[in-house]
Amino acid sequence: MKPQNVETLLQEKEDLYDLLEDIMERIQEFREEMLTGLDDLEDMTTENCGIEFH
């Protein structure tokens, strides 16, 4: 394999790793937002119905 091809492959691998990290961070942020939203919804439901969830 030519050195240029190896360098290109290494750069692509690094780019894909960075993309994966970004995707994982976004998924974590989305998960946290969903959990917060569910907690808020649970609180509203409890306030309106007098029912507590466990």
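Between the CD atom of Gln11 and the CG atom of Leu16 there is a distance of 10.0 Å, given to the nearest 0.5 Å. Once rounded to the nearest 0.5 Å, the distance linking NZ of Lys13 with CG of Asp18 reads 12.0 Å. If you take CG on Leu38 and OG1 on Thr45, they are separated by 10.0 Å, rounding to the nearest 0.5 Å. Atoms CD and CG, on Gln4 and Leu9 in that order, are 11.0 Å from each other to the nearest 0.5 Å.
Residues that satisfy the side-chain contact (heavy atoms from CB on, under 4.5 Å) test with Glu33, not counting sequence neighbours, are absent from this structure.
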Acceptor/donor pairs from residues 20-28 side chains to any protein atom, 3.5 angstrom cut, sequence neighbours excluded:
unit_1: Asp22; atom_1: OD2; unit_2: Arg26; atom_2: NE; d: 3.2
unit_1: Asp22; atom_1: OD2; unit_2: Arg26; atom_2: NH2; d: 3.4
unit_1: Gln28; atom_1: NE2; unit_2: Glu32; atom_2: OE2; d: 3.0

